[in-house]
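Only one structure is covered here, and it is reproduced in the block below.
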There are 2 protein chains.
Amino acid sequence: MTRKSDPARSNIRDVAARAGVSAATVSRVLGGVYPVSQQTRARVVRAVRELNYVADARAKAIAGVGTPTLAFVLEDITGPSFALMAYGVEREAARNGHLCLVCGTEGDVRQETEFVEMMRAQRAAAVILVGGTADTPEYRERTRRMADLLASVGSRLVLCGRPPLDAGAPVTVIEYDNESGAHALVAHVLAQGHSRVLFLGGRPDHTTAQGRERGYVSAHRARGVDVDPDLVLHGDFTRDSGHRLMRRALADGLDFTAVVAATDMVAAGALTALHEAGLKVPDDVSLAGYDDIPYARDLYPALTTVHVPYEELGRVAVRTALGRAPGASDEHLLLGTHVVVRDSVKPPKDMR
Amino acid sequence: MTRKSDPARSNIRDVAARAGVSAATVSRVLGGVYPVSQQTRARVVRAVRELNYVADARAKAIAGVGTPTLAFVLEDITGPSFALMAYGVEREAARNGHLCLVCGTEGDVRQETEFVEMMRAQRAAAVILVGGTADTPEYRERTRRMADLLASVGSRLVLCGRPPLDAGAPVTVIEYDNESGAHALVAHVLAQGHSRVLFLGGRPDHTTAQGRERGYVSAHRARGVDVDPDLVLHGDFTRDSGHRLMRRALADGLDFTAVVAATDMVAAGALTALHEAGLKVPDDVSLAGYDDIPYARDLYPALTTVHVPYEELGRVAVRTALGRAPGASDEHLLLGTHVVVRDSVKPPKDMR
DNA sequence: CTGAAAGCGCTAACAT
DNA sequence: ATGTTAGCGCTTTCAG
């Protein structure tokens, strides 16, 4: 028995039949600009309406005229900075008539690899991978392979805030400048007169965390103040990590007058711990964050932090991805950041 | 000239040729379970690897074996509660082997309609529409039409936190209980001894806002305290709205000892305004929010609010959507909420 | 201006 | 176990 399709779903031939024309004609009137007589066009349009017909986008795709698709692969869309990027990506994709697929990986390499392979099968125009990771040989190899595979089907890999690959890989990498952002921020804190500033960092092998930590160190060096290794703590980029680290620092009786957190979320956790300990910010201790997530200014006190143009990052990612030839070799963009001064950093007590 | 495809992209026939078998055989070994001799299988697998072949998912789709897709349409993925739902939707979609398309509408009806039509063309398994709106006849009509159109291609519309349609529409609607959540919250506030509680509401025609406002009113009624109409203000669900409304209330010299905001974002804005005015929460005035977004507990003081199971909402949405027959008529789920007591609500001064 | 037919890349029924 | 042949739903030559 020939697989007769569901009577509800009408296809181009149903429309053609109802309009008394050929499928080719229907395709033409729907296509837009091909010359068709008023008569026929009207009949076809009518049939289309009566049948509520829409051409199957997948069929169009394989015939070469589909809606292009873009994929956005990230760890967890719930993080405010990721959400901002997702927003940028989606908006820019829509602006360019692209559909936008999202995939969460929970930081799991297997899921990431599987998703990318699916996107390759989907013939996605580009796959945007976001979020820092450890920059290991394994990472480079695996990612290089994904880039090549994607390129082989005419797609393109975009790395956003991820370590770049070896030269020649068919990828676009877009980063924001973690090191100089952190440098500027810490310089600001030091300039207020602090000399013992606690750093609440991320995973030691995570490139984003590393960049920010380098900025912390270089700012000290630039000002000629030593960094006390005891003052740099490691955790991850979550609120809970900030909370835990801060409590521990307090319990350990660490000596500091300011704290710089690797992300605003970490700062939020730290702030709560500080409050719990009965410490006032910025009167007793200054606090700064990083990312400038929307909630930063609603913390109390409003958080001094580094603004990262996440939404723009997302937009740029799709723009350059779509602008590039698929097989083109690597390209590297670095977006700037700037510190935004709010109320959480003040000179230390003994300087007032 | 026959449209010879890009030599880089290899198709099933290239693989077949290289392995010295027919396309059908390749399809079979890739398909998995169909009997193929070890010999052939090995050769095919080899050819596949050498060519980095992946079957075109769109072609598979029209042949009837594609990866199903799910669409998530929302106003702005940047809002924390939306992000949470998006997370739930994406995770549950992935768990079920579905791809997840997201579309932002910026609250624009035109964009929404266009997206839904695109999804119909994509033959998405389901389209999940989220976020309250005004429940007008226009809304019902337009949405009913979308539901019918979707149903006509075997897809299904899911309304999440949106006003339900008239009976018989092929939709699934999943709501969270705004009214009783607000009722419980306001009852809690009143129970602390407050009798003049300011309500920072949303758009008067917005169903979510209405539900929460009804809860505010009914809680008063239940306790036999009159609501002063001057104490219910309208804005929208943003942080800025909360800030503005709160400032105005203060400037106008409104008399109240507690404020209940229609969302946590509104509460965050209000809290900032309160701080700016030198008022202490909860010592001078109590404050409560709604939604229990992740940042609620990092506000200072930690915000008493109503927990809405947003992630679960997303998961339930896809589960029921996928579980339902496409043309099935309406179904209505109501998810419960509960108040989470933190530090921002205390008895009023004169009660201590 | 319109239709017949070939093709896009894949799968499945039908033969061997 | 494998190849041949129809499809799937659409677009686009190629002929009129």
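First the proteins, then the strands, lettered A, B, ... as listed; each starts at 1. Since the model is a prediction, treat every value here as computed from it, not as a measurement.
- Atom CG in A:Asn11 sits roughly 14 Å away from atom C1' in D:dT11 (whole-Å rounding).
- Regarding contacts with the backbone of C:dC1, every side-chain N or O of A:Thr40 stays at 4.0 angstrom or more from both OP1 and OP2.
- In the helix from C:dC1-D:dG16 to C:dT16-D:dA1, the end axes, each obtained as the rotation axis mapping the C1' atoms of four pairs onto the next four within a five-pair block, lie 40° apart to the nearest 10 degrees.
- Scanning atom types as modelled, no donor and acceptor separated by under 3.5 angstrom connect the side chain of B:Arg123 and the base of D:dG9.
- Contact annotation for B:Ala24: base contact, defined as any heavy-atom pair under 4.0 Å involving a base atom.
- At whole-Å resolution of the value, CZ in A:Arg58 and P in D:dG9 are 9 Å apart.
- Atom CG of B:Leu51 and atom C1' of C:dG9 are 15 Å apart (whole Å).
- Take the nearest nucleotide of DNA chain D for B:Ala59 and for A:Ala23: the residue whose nucleotide is more 5' is B:Ala59.
- In this structure, A:Asp56 places its CG atom 9 Å from C1' of D:dC8, rounding to the nearest Å.
- A heavy-atom distance below 4.5 Å is not found between the side chains of B:His98 and B:Thr69.
- Within 4.0 Å (heavy atoms only), A:Ser37 reaches sugar-phosphate atoms of the nucleic acid but no base atom.
- Residues B:Thr172 and B:Leu157 have side chains not in contact (no heavy-atom distance under 4.5 Å, counting atoms from C-beta outward).
- Side-chain contact between B:Thr67 and A:Gln122 is present, with at least one heavy-atom pair separated by less than 4.5 Å.
- A straight line from CG of B:Leu30 to P of C:dA12 spans 12 Å, rounded to a whole angstrom.
- Computed from coordinates, the A:Arg28 CZ to C:dT2 P distance equals 8 Å when rounded to whole Å.
- Of the candidates A:Leu101, A:Ile128, A:Ile77, A:Phe72 forms a side chain to side chain contact (heavy atoms under 4.5 Å, CB included) with just one, namely A:Ile128.
- Distance alone, capped at 3.5 Å, is enough to place a donor-acceptor pair between the B:Arg162 side chain and the B:Gly131 backbone.
- Between C:dT11 and B:Lys60, a contact under 4.0 Å exists linking OP1 or OP2 to a side-chain N or O.
- For the atom pair CD (A:Glu112) and CD (A:Glu75), the distance works out to 9.5 Å, reported to the nearest 0.5 Å.
- When rounded to the nearest whole Å, the span between CD of B:Gln39 and P of D:dG3 equals 13 Å.
- Separating the CD1 atom of A:Ile62 from the P atom of D:dG7 is a distance of 16 Å, rounded to the nearest angstrom.
- Each of B:Tyr34 and B:Ala57 lies near DNA chain C, and the nucleotide nearest B:Ala57 is the one positioned closer to the 5' end.
- Minimum heavy-atom separation, A:Glu90 to B:Gly104: OE2-N, 3.0 Å.
- Contact annotation: B:Ser22 side-chain N/O to D:dT4 OP1/OP2 distance is not under 4.0 Å.
- For A:Val21, counting side-chain heavy atoms from C-beta on, the closest listed nucleotide (C:dG9, D:dT12, C:dG3) is C:dG3.
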